[in-house]
Amino acid sequence: MVEDSELWDVICDGPFVPTKNLGDPAVAIPKTRKEFNDVDRKAIEKNFRAKKILVCGIGPDEYNRISVCQSAKEIWEALQTAHEGTTEVKQSKIDILTTEYELFRMKDDESIQDMHTRFTSIINELHFLGETIPKNKLVRKILSVLPSF
């Protein structure tokens, strides 16, 4: 589990870059590959493992989108932009889905199961975009759209 957390840190924060201090006052500059020690190599290897995990989980179309990325962080950001869009696009999606949620009604020819599936799809997309609706509100919404007999 610690390694998983460290790989996620590499994805979120970017790869480790080994540096050395030179001059007075000391200035940190990147080490050359010849200057890497075992600790540097292990830390750098985490980026390669994170990249491998991300690449193994995507299809050929996605691979074309990220093939030029140098770090796991770049891959993750490219995938986020492709699937969520920019902040403005993400907010627009949230607004559209929120409107769908608010206007949600059961269709005349729709089964309760189909209605629930459609409702769950909207809620899951909102959740994926970072918008959560409390369970009690979801239950009240479902109950309000059910037909009365």
Q: For the pair Leu7 and Ile53, evaluate side-chain contact (heavy atoms from CB on, under 4.5 Å) and give the outcome as yes or no after the intermediate values.
A: CA-CA 9 Å; Leu7 293 178; Ile53 289 169; 3.7 Å; yes

Q: Starting from the C-alpha separation in whole Å, work towards a yes-or-no answer on side-chain contact (heavy atoms from CB on, under 4.5 Å) for Leu126 and Ile133.
A: CA-CA 8 Å; Leu126 278 168; Ile133 300 171; 3.9 Å; yes

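With hydrogens and angles ignored, the 3.5 Å screen pairs a side-chain donor or acceptor of Asn47 with a backbone N or O of Ala72. One N or O on the side chain of Glu74 and one on the backbone of Gln70 form a donor-acceptor pair closer than 3.5 Å.
Within the 4.5 Å cutoff, the side chain of Lys73 has no heavy atoms near those of the Asp13 side chain. Between Val27 and Leu22, every side-chain heavy-atom pair lies at or beyond the 4.5 Å cut-off. Residues Arg65 and Asp61 have side chains not in contact (no heavy-atom distance under 4.5 Å, counting atoms from C-beta outward). Put simply, the side chain of Leu138 reaches to within 4.5 Å of the side chain of Tyr101, judged on heavy atoms. At least one side-chain heavy atom of Leu146 sits less than 4.5 Å from a side-chain heavy atom of Met115.
Clustering of Ile, Leu, Val, Met, Phe, Trp and Tyr side chains at separations under 4.5 Å leaves Ile96 isolated, with no partner residue. Residue Val89 belongs to no hydrophobic cluster, having no ILVMFWY side-chain heavy atom closer than 4.5 Å to its own.
Between Arg105 and Arg118 the shortest heavy-atom distance is O-NH2, 2.7 Å. Considering every non-hydrogen atom in both Lys51 and Ser71, the closest pair reads CG-C, 3.8 Å. Of all the heavy atoms in Asn21 and Ala26, the pair that sits closest is CB-CB, 3.9 Å.
The environment of NZ in Lys42 is sparse: at most 12 heavy-atom neighbours from other residues, nucleotides or ligands sit within 6.0 Å.
A salt bridge does not link Lys93 to Glu125: none of the charged nitrogens lies less than 4.0 Å from a carboxylate oxygen.
Annotation: the span from Glu110 atom CD to His116 atom NE2 amounts to 11.5 Å, rounded to 0.5 Å. The CG atom of Asn64 sits 9.0 Å away from the CD1 atom of Ile58 when rounded to the nearest 0.5 Å. Separating the CG atom in Leu54 from the CD atom in Glu62 is a distance of 11.5 Å, to the nearest 0.5 Å. To the nearest 0.5 Å, atoms SG (Cys69) and CD (Glu77) are separated by 9.0 Å. For the atom pair CG of Leu129 and OG1 of Thr98, the computed distance is 9.0 Å after rounding to the nearest 0.5 Å. Atom CG of Asp95 is separated from atom CD of Glu131 by 8.5 Å, given to the nearest 0.5 angstrom.
Checked against side-chain hydrogen bond (donor to acceptor under 3.5 Å, both in side chains), Glu45 has the following partners two or more places apart in sequence or in another chain: Arg49. Residues meeting the side chain to side chain contact (heavy atoms under 4.5 Å, CB included) test with Phe36, sequence neighbours left out: Pro18, Lys31, Arg33, Asp40, Arg41, Ile44.
Thr32 and Glu35 share a side-chain donor-acceptor pair at under 3.5 Å. Asp114 and Thr117 share no side-chain donor-acceptor pair at under 3.5 Å.
One hydrophobic cluster, built from ILVMFWY side chains closer than 4.5 Å, holds both Leu97 and Met106. Tracing side-chain contacts under 4.5 Å through hydrophobic residues (I, L, V, M, F, W, Y), one reaches Leu143 starting from Phe104; they form part of the same cluster. Hydrophobic clustering (side-chain heavy atoms under 4.5 Å, transitive across Ile, Leu, Val, Met, Phe, Trp, Tyr) groups Val139 together with Ile122. When the side chains of ILVMFWY residues are joined at heavy-atom separations under 4.5 Å, either directly or via intervening members, Ile11 and Phe48 end up in two distinct hydrophobic clusters. Ile66 and Val10 fall into different hydrophobic clusters, where Ile, Leu, Val, Met, Phe, Trp and Tyr side chains are chained together by heavy-atom contacts under 4.5 Å.
Sequence neighbours left out, the pairs with a member in residues 59-82 that pass ring pair (Phe, Tyr, Trp, His ring centres under 6.0 Å) are Trp8-Trp76. Pairs engaging residues 135-145 under the side chain to side chain donor-acceptor pair (under 3.5 Å) rule: none recorded [sequence neighbours left out].
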